[in-house]
Amino acid sequence: VYGSPFDPINGEVLPNMPTSYYEQFLAPLKKYEMIIVGGYKPFVAETSYGKMVCPGVCGFYRKGEKPTFALIDTRSLDVSFYDFEFDRGKVEGKIKEEKLPEEVVKILHHGL
């Protein structure tokens with residue numbers, strides 16, 4: 001889901017919270033071993049109901065954060081995070097070439 005499983009449009013799942021915080025999302029969804037949520041900061045929260053994982057973001061990351069992605073082993077449910085870099089100038093050129101809104105370029109360079 002993007003954001004919260006119960007409010008995918010406006011919800012947000014925060015990093016670095018107590019286990020009980022994550023259990024409130026996972027408990028009603030008992031049949032899942034892992035739930036992937038959208039957010040800016042990558043994290044794994046392990047609970048008695050399963051894992052909640054936020055892979056971070058590749059594009060719309062906040063100032064001071066790095067673009068990240070998560071690699072998840074679907075057999076063992078191990079999660080690894082990776083930072084990466086990309087050439088913003090090339091991406092900006094492609095955005096303009098495709099005639100996307102100028103706001104997308106601002107987000108690319110300054111984050112949200």
Side-chain angles (χ1 to χ4, degrees):
V1 298
Y2 181 81
S4 161
F6 307 112
D7 187 1
I9 303 299
N10 299 308
E12 183 177 1
V13 178
L14 302 172
N16 304 319
M17 299 298 285
T19 303
S20 59
Y21 171 80
Y22 301 106
E23 287 178 340
Q24 73 176 327
F25 297 106
L26 289 160
L29 306 170
K30 292 176 192 164
K31 67 180 185 177
Y32 300 104
E33 296 177 66
M34 180 181 286
I35 296 174
I36 313 301
V37 297
Y40 294 100
K41 190 171 182 80
F43 68 83
V44 176
E46 295 193 37
T47 75
S48 57
Y49 299 103
K51 292 181 182 181
M52 180 167 280
V53 177
C54 177
V57 290
C58 294
F60 302 126
Y61 55 94
R62 290 183 174 164
K63 247 183 173 174
E65 300 288 336
K66 292 184 176 190
T68 61
F69 67 92
L71 184 62
I72 300 170
D73 182 322
T74 57
R75 292 182 197 268
S76 66
L77 300 182
D78 287 335
V79 180
S80 301
F81 296 105
Y82 296 91
D83 294 343
F84 67 95
E85 297 291 328
F86 61 93
D87 186 331
R88 287 191 175 101
K90 285 183 180 180
V91 175
E92 179 179 351
K94 191 69 174 167
I95 289 169
K96 290 178 178 181
E97 181 182 312
E98 296 295 325
K99 297 182 174 60
L100 294 171
E102 187 66 27
E103 184 65 24
V104 177
V105 174
K106 290 178 187 172
I107 292 170
L108 173 68
H109 287 283
H110 305 291
L112 294 173

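- Between P101 and I95, the closest heavy-atom pair is O-CG2, 4.4 Å.
- Distance check: M34 CE to L29 CG gives 14.0 Å after rounding to the nearest 0.5 Å.
- When all heavy atoms of F86 and V91 are compared, the closest pair comes out as CD1-CG2, 3.7 Å.
- Taking both residues in full, the closest heavy atoms of V13 and S4 are given as CG2-CA, 3.8 Å, listed atom of the first, atom of the second, then distance.
- Summarising the local packing, CD of Q24 is surrounded by more than 12 heavy atoms from other residues, nucleotides or ligands at distances under 6.0 Å.
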Please list, one pair per line, the donor and acceptor atoms closer than 3.5 Å that link side chains of residues 42-55 to other protein atoms, with sequence neighbours excluded.
residue : atom : partner : partner atom : Å
T47     : OG1  : Y49     : N            : 3.0
T47     : OG1  : G50     : N            : 3.2
T47     : OG1  : G50     : O            : 2.9
S48     : OG   : E23     : OE2          : 3.2
K51     : NZ   : L77     : O            : 2.7

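- T68 approaches G56 most closely through the heavy-atom pair OG1-CA, 3.3 Å.
- Residue L14 comes nearest to Y21 through the heavy atom pair N-OH, 3.0 Å, listed as atom of the first residue, atom of the second, then distance.
- Taking every heavy atom of both residues into account, V57 and G39 meet most closely at CG1-O, 3.2 Å.
- At a threshold of 4.5 Å between side-chain heavy atoms, the hydrophobic network of Ile, Leu, Val, Met, Phe, Trp and Tyr places L26 and F6 in one connected group.
- Hydrophobic clustering (side-chain heavy atoms under 4.5 Å, transitive across Ile, Leu, Val, Met, Phe, Trp, Tyr) groups Y82 together with F84.
- To the nearest 0.5 angstrom, Y22 atom OH is 13.0 Å from I35 atom CD1.
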